[in-house]
Structure formats: structure tokens, C-alpha cells
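Values reported hereafter were calculated over all heavy atoms of this structure, with side chains retained and with hydrogens, waters and symmetry mates removed. None of these values were measured; they are calculated from a predicted model.
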Amino acid sequence: MDKTEKFLHRLPRILSILFILFLSLFSLDVLEPGKSFREIAIGLFMHNIPSLIMIVVLLISWRNDVVGAIGFIGAGLFYMAFVVMNTQQPWYIALTWGLSIAAPAFLIGFLYLMSWRTKTKAT
């Protein structure tokens, strides 16, 4: 494996971890004064369900790049559809707003795809 292949192999995994941490930051809005421990724990769990799903995708894709490509691109498409369908804004505003989360997922999925293609060409 040359340097480019190693870089293409590691980059989507590193970016996946950073993306999942970024998604997890949004759950911190649950922390408010006056809430009980139980309310905070349930809120954190509910807000982190997408992160937990993406962790499962990351663990599976650690060895199988095509799963990462399908998983992250699918997550980006699902999020875009969810945003467009559940907003009161015009579709083009919702689309640009949704890309702030979906674009990194698309990029990571594309990098997994490139890593997979590089491996299949080498064999």
C-alpha cells in the first residue's frame, strides 16, 4: 500500500469520527438548569440516536469501505429529505440549510467510495 492508498484509507475514518463528534455536540442543548438527571439522560439519548447509528456504520465500514460509502451518502440523503419535508421554508432554503449537515456526510461517503475503488483496482 503506497502513501496515497494509506491516506485514502485513513481519511474517511478520521473524518467520520470528527463528524460523529460534531453531530453529538447538538445534544448539549438538553443541559438546562432545573432538569432532573432522568430528563437529561433521556434527552441526551434521544438527541444522540443519529450519532449512535453513525457509530454503528463507522464500525462496520472500518473493514468494508462500501458500507461506509452507502451509509454516509444514505444518511446525507435521508437528512436532506427530512429537512425539506419538515420545514415551513421554501424547498430551496431548506435545501441550502440542510446541506450544512449533509455535505460533510456526502464528502465522507465519497471518500469511502474512493477508498473502496482504490482497493478493488489494486487487487
Margin query: Restricting to non-hydrogen atoms, name the atom on Ser27 and the atom on His47 that form the minimum distance, rounded to 0.1 Å.
Written below: CB-CB, 3.4 Å
Notebook entry, point to check: Just by modelled atom types, is the Ile93 backbone N or O under 3.5 Å from a matching donor or acceptor in the Thr96 side chain?
Noted result: yes
Next item on the list: Give the minimum heavy-atom separation between Arg13 and Ser115, together with the two atoms involved.
Entry: NH1-OG, 4.3 Å
Margin query: If hydrophobic clusters are built from ILVMFWY residues whose side chains come within less than 4.5 Å, do Phe106 and Ile20 share one?
Written below: no
Notebook entry, point to check: According to a 4.5 Å side-chain heavy-atom criterion applied to Ile, Leu, Val, Met, Phe, Trp and Tyr, with indirect links allowed, do Leu99 and Ile73 form part of one hydrophobic cluster?
Noted result: yes
Next item on the list: Treat each ILVMFWY residue as a node, draw an edge where side-chain heavy atoms are under 4.5 Å apart, and state whether Leu77 and Tyr112 are in one component.
Entry: no
Next item on the list: Evaluate whether atom OH of Tyr79 has more than 12 neighbouring non-hydrogen atoms of other residues, nucleotides or ligands under 6.0 angstrom away.
Entry: yes
Notebook entry, point to check: Atom CD1 in Ile70, atom CG in Asn64: separation rounded to 0.5 Å?
Noted result: 8.5 Å
Next item on the list: Can you see which heavy atom on Ala102 is nearest to which on Gly76, and at what distance?
Entry: CB-O, 3.7 Å
Check: Taking a hydrophobic cluster as the set of Ile, Leu, Val, Met, Phe, Trp and Tyr residues connected by side-chain heavy atoms closer than 4.5 Å, whether directly or through intermediates, do Phe82 and Val84 fall within one such cluster?
Finding: no
Next item on the list: Measure from the side-chain N and O atoms of Thr118 to the backbone N and O of Met114, and report whether any donor-acceptor pair falls under 3.5 Å.
Entry: yes
Next item on the list: Apply side chain to side chain contact (heavy atoms under 4.5 Å, CB included) to the pair Trp97 and Val83, showing each step before the final yes or no.
Entry: CA-CA 8 Å; Trp97 175 56; Val83 167; 3.3 Å; yes
Notebook entry, point to check: Which distance, rounded to the nearest 0.5 Å, do you find between the CG of Leu113 and the CD1 of Ile108?
Noted result: 13.5 Å
Checklist line | Heavy-atom pair with the smallest gap, counting every atom of Leu58 and Ser16 | finding: CD1-CB, 3.6 Å
Next item on the list: Taking all heavy atoms of Glu39 and all of Val30, pick out the closest pair and write down the distance.
Entry: O-CG1, 4.4 Å
Margin query: Would a single hydrophobic cluster contain both Ile55 and Val67, if residues Ile, Leu, Val, Met, Phe, Trp and Tyr are joined by side-chain heavy-atom contacts under 4.5 Å?
Written below: no
Notebook entry, point to check: Looking only at heavy atoms, what is the nearest atom pair of Gly71 and Met54, with distance?
Noted result: O-CE, 4.4 Å
Margin query: Angle between ring planes, Phe26 versus Phe22, binned at 30° and 60°: parallel, tilted or perpendicular?
Written below: perpendicular
Item checked: Under 3.5 Å donor-acceptor, Ser61 side chain and Val57 backbone -> yes
Next item on the list: Output the distance between atom CZ (Arg10) and atom CG (Leu15), rounded to the nearest 0.5 Å.
Entry: 14.0 Å
Item checked: CD-NZ distance between Glu5 and Lys119, expressed to the nearest 0.5 angstrom -> 9.5 Å
Item checked: Test item: Phe72 and Leu111 side chains (from C-beta on) under 4.5 Å apart, heavy atoms -> no
Notebook entry, point to check: CG of Leu44 to CG of Asp29: how many Å apart, nearest 0.5 Å?
Noted result: 9.0 Å
Check: If you measure from CG on Leu18 to CG on Leu23, what distance do you get to the nearest 0.5 Å?
Finding: 11.5 Å
Notebook entry, point to check: Backbone N or O of Ser51 within a donor-acceptor pair of the Asn48 side chain at under 3.5 Å?
Noted result: no
